[in-house]
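A short worksheet on the structure shown next.
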Amino acid sequence: MNVYTPILVLGAIAAAFTVFSVVAASIVGPKRYNRAKLEAYECGIEPTPQPAGGGRFPVKYYLTAMLFIIFDIEIVFLYPWAVHFDSLGMFGLVEMLVFVALIGIAYAYDWRRGGLEWD
């Protein structure tokens, strides 16, 4: 347990600072309410009513999300591989080439479906 004590203390300090900041800002901060401030933030676009089951998202949204996941997974696996590259030898190199080829296939699919075109 002695090993985790500094981490727990740091977490407690961070939580205390967070709570203190939120409480202090609500007490000390200015309170100037107006109609625009109380509306939902929609990047300057007036919100439109949505159907009861929720609105439909265009396919472009999912393609962009898929591209993010592709690169996110790639970085998660490439960084530890690069750190231990010397100890993995030829096996590690071949496995990473197969992994990068699979990522390339997913990237090509996303590219072919139009995920990289910004309208």
Side-chain angles (χ1 to χ4, degrees):
M1 186 64 182
N2 289 337
V3 177
Y4 297 108
T5 303
I7 295 172
L8 293 174
V9 169
L10 184 63
I13 291 171
F17 179 74
T18 303
V19 170
F20 173 76
S21 297
V22 170
V23 170
S26 66
I27 293 171
V28 179
K31 294 167 184 62
R32 290 183 225 118
Y33 298 110
N34 58 29
R35 183 176 163 254
K37 213 175 207 185
L38 295 175
E39 287 185 8
Y41 180 68
E42 293 287 336
C43 302
I45 300 171
E46 290 294 324
T48 57
Q50 294 290 325
R56 294 179 58 129
F57 288 101
V59 175
K60 178 101 38 201
Y61 172 79
Y62 295 106
L63 290 175
T64 304
M66 190 171 94
L67 194 63
F68 171 76
I69 290 170
I70 289 170
F71 286 119
D72 192 39
I73 290 173
E74 185 176 18
I75 292 301
V76 164
F77 286 112
L78 277 176
Y79 183 74
W81 173 77
V83 170
H84 292 287
F85 177 71
D86 292 337
S87 63
L88 294 174
M90 186 57 75
F91 174 76
L93 179 63
V94 171
E95 288 297 320
M96 193 49 64
L97 288 175
V98 169
F99 174 71
V100 169
L102 290 173
I103 293 292
I105 291 169
Y107 179 71
Y109 172 79
D110 200 23
W111 186 0
R112 182 87 168 130
R113 297 287 300 196
L116 300 177
E117 296 174 12
W118 300 98
D119 296 332

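Please read these numbers as outputs of a predicted model, since none were measured by experiment.
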With side-chain contact (heavy atoms from CB on, under 4.5 Å) as the test, would you mind laying out the steps for F85 and M96 before giving the verdict? CA-CA 10 Å; F85 177 71; M96 193 49 64; over 6 Å; no
With heavy-atom distances below 4.5 Å as the criterion, would you say the side chains of W81 and L93 are in contact?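 Heavy-atom side-chain distance check passes, below 4.5 Å.
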Looking only at heavy atoms, what is the nearest atom pair of K31 and G29, with distance?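 Closest heavy-atom pair between K31 and G29: NZ-O, 3.3 Å.
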Same apolar cluster: [X] and [Y], side chain cutoff 4.5 Å:
{"X": "L102", "Y": "Y79", "answer": "no"}
{"X": "I7", "Y": "V9", "answer": "no"}
{"X": "F77", "Y": "M90", "answer": "yes"}
{"X": "L97", "Y": "V83", "answer": "no"}
{"X": "L78", "Y": "I69", "answer": "yes"}

Going from CD on E74 to CD1 on I103, what distance comes out if it is rounded to the nearest 0.5 angstrom?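 Output value for this atom pair is 5.5 Å.
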Can you measure from CD1 (I73) to CD1 (I75) and round to the nearest 0.5 angstrom?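 Going from the CD1 atom of I73 to the CD1 atom of I75 covers 11.5 Å.
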May I ask you to decide if the ring planes of W111 and Y107 are parallel, tilted or perpendicular, using 30° and 60° as cut-offs?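 It falls in the tilted class, 30° to 60°.
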